[in-house]
Amino acid sequence: MSRHVYLLNGPNLDLLGEREPELYGRSTLADVEAQCRAAAASFGLELECHQSNAEHDLVDWLHEARRAAGIVINPAAFCYHSVPILDALRLCEGPIIEVHISNIYRRDETWRSHSILAAACTAVITGCGIEGYRLAIEYLGRRIGSRSSP
Ligand code: CA2
C-alpha cells in the first residue's frame, strides 16, 4: 500500500509570510512544508510537496496522487470555481483534507465562505492558521496507520 501523501498548495501561497500576516501569519511555505514533512515522517509517510499558480499543474499532481495514501490541499481561490480540480479530486482514491489557513466562514468577503471542492473532500480544516496543515497530516497518519502497526 502507498505510503505517499501529497501536500498541494494553490495560487499565491508561494508568497505566504510576505503579505497580510494578520490573516495568514508570518511563516513561509517552506516552513509549512518542513513541518508537514516532519509530521509525515513520524508516521512513516513520505510527503510530496508542490505549489502552483496554474490550475493545470494542480490537476496533473492530483492525477499523480490518484492512488496515494492521502492528499492535503489548500486550493486557495481555486476552491471557489475550479470544476477541473473538483473532477480531479473525485478521481482520487485516498482521503483528501482541504485546508484553509484563514477561517473562510469569517471573512468580510462572504463569497469566500463557499468552497465547491469541499464536497469532494473527506474533511475541511479552516481557520487554524498554518497548524491546520500539520493537523491534516496527523489525521491522515492516524487514519492510514504507522508502518509498525499490525
Ligand atoms: O485561508 C486560506 O488558506 C485561503 O485558501 C488563502 C487563499 C484565499 O483566496 C482563500 O480565500 C483562503 C489565498 C490568499 C491570497 O494569497 C496570499 C498568500 C500569501 C499571503 C497573503 C495572501
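As a basis for the values below, the full set of heavy atoms in this structure was taken, side chains included, without hydrogen atoms, waters or symmetry mates. Throughout, numbering of the chain's residues begins at 1 and tracks the sequence. Counting convention: from 1, in listed order, for ligands and their atoms alike.
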key: Within-4.5 Å side-chain heavy-atom neighbours: Leu15 and Leu29   = no

task = Identify, with sequence neighbours excluded, every residue that meets ring-ring contact (aromatic ring centres under 6.0 Å, His included) alongside His63.
result = none

inquiry  = Tell me the closest heavy-atom pair linking Cys79 and Leu117, and the distance in Å.
reply    = CA-CD1, 3.6 Å

ask   = For atom 20 (C) of ligand 1, what's the nearest protein heavy atom and its distance?
value = Arg19 O, 3.3 Å

query = What residue and atom, counting heavy atoms only, is the protein's closest point to atom 14 (C) of ligand 1, and at what distance?
reply = Tyr24 OH, 3.2 Å

key: Atom indices of ligand 1, in the order listed, that fall short of 4.0 Å to a heavy atom of Glu20   = 21 (C), 22 (C)

inquiry  = Between ligand 1 and Tyr80, is the shortest N or O to N or O distance under 3.5 Å?
reply    = yes

ask   = Just wondering, do Ile97 and Ile71 contact through their side chains at under 4.5 Å, heavy atoms?
value = no

task = Flag Pro11 as yes when one of its N or O atoms lies below 3.5 Å from any N or O atom of ligand 1, and as no otherwise.
result = no

ask   = How far is atom 1 (O) of ligand 1 from its nearest protein heavy atom, and which residue and atom name does that atom have?
value = Ser102 OG, 2.6 Å

Leu16 neighbourhood, listing ligand 1 atoms whose heavy-atom distance to it stays under 4.0 Å = 19 (C)

query = Do you know the tightest heavy-atom contact between Leu47 and Ala40?
reply = CB-CB, 4.1 Å

inquiry  = Suppose we measure from atom 2 (C) of ligand 1 to each protein heavy atom; which comes out shortest, and what is that distance?
reply    = Ile101 N, 3.3 Å

query = Distance only, no hydrogens: is a donor on one side chain within 3.5 Å (strictly under) of an acceptor on the other, for Ser102 and Arg107?
reply = yes

query = What is the closest protein heavy atom to atom 18 (C) of ligand 1, and at what distance does it sit?
reply = Asn12 O, 3.0 Å

Proximal ligand 1 atoms for Ala76, defined as those under 4.0 Å from one of its heavy atoms = 5 (O), 7 (C), 13 (C)

request  = Can you sort out which atoms of ligand 1 are near Ala77, meaning under 4.0 Å from one of its heavy atoms?
outcome  = 9 (O)

request  = Just go through Arg112, His100, Glu98, Arg107 and tell me whose heavy atom is the nearest to atom 5 (O) of ligand 1.
outcome  = His100

query = Given side chains that start at C-beta, do those of Arg142 and Leu140 come closer than 4.5 Å, heavy atoms only?
reply = no

inquiry  = Can you tell me how the ring of Trp111 sits relative to the ring of Tyr80, calling it parallel under 30°, perpendicular over 60° and tilted otherwise?
reply    = perpendicular

message = Need the ligand 1 atom indices (1-based, order shown) with element for anything under 4.0 Å from a heavy-atom of Asn74.
response = 2 (C), 3 (O), 5 (O)

message = Out of all atoms in ligand 1, which are within 4.0 Å of some heavy atom of Leu15? Include the element for each.
response = 19 (C), 20 (C)

Test side chain to side chain contact (heavy atoms under 4.5 Å, CB included) applied to Glu46 - qualifying residues, sequence neighbours left out = His4

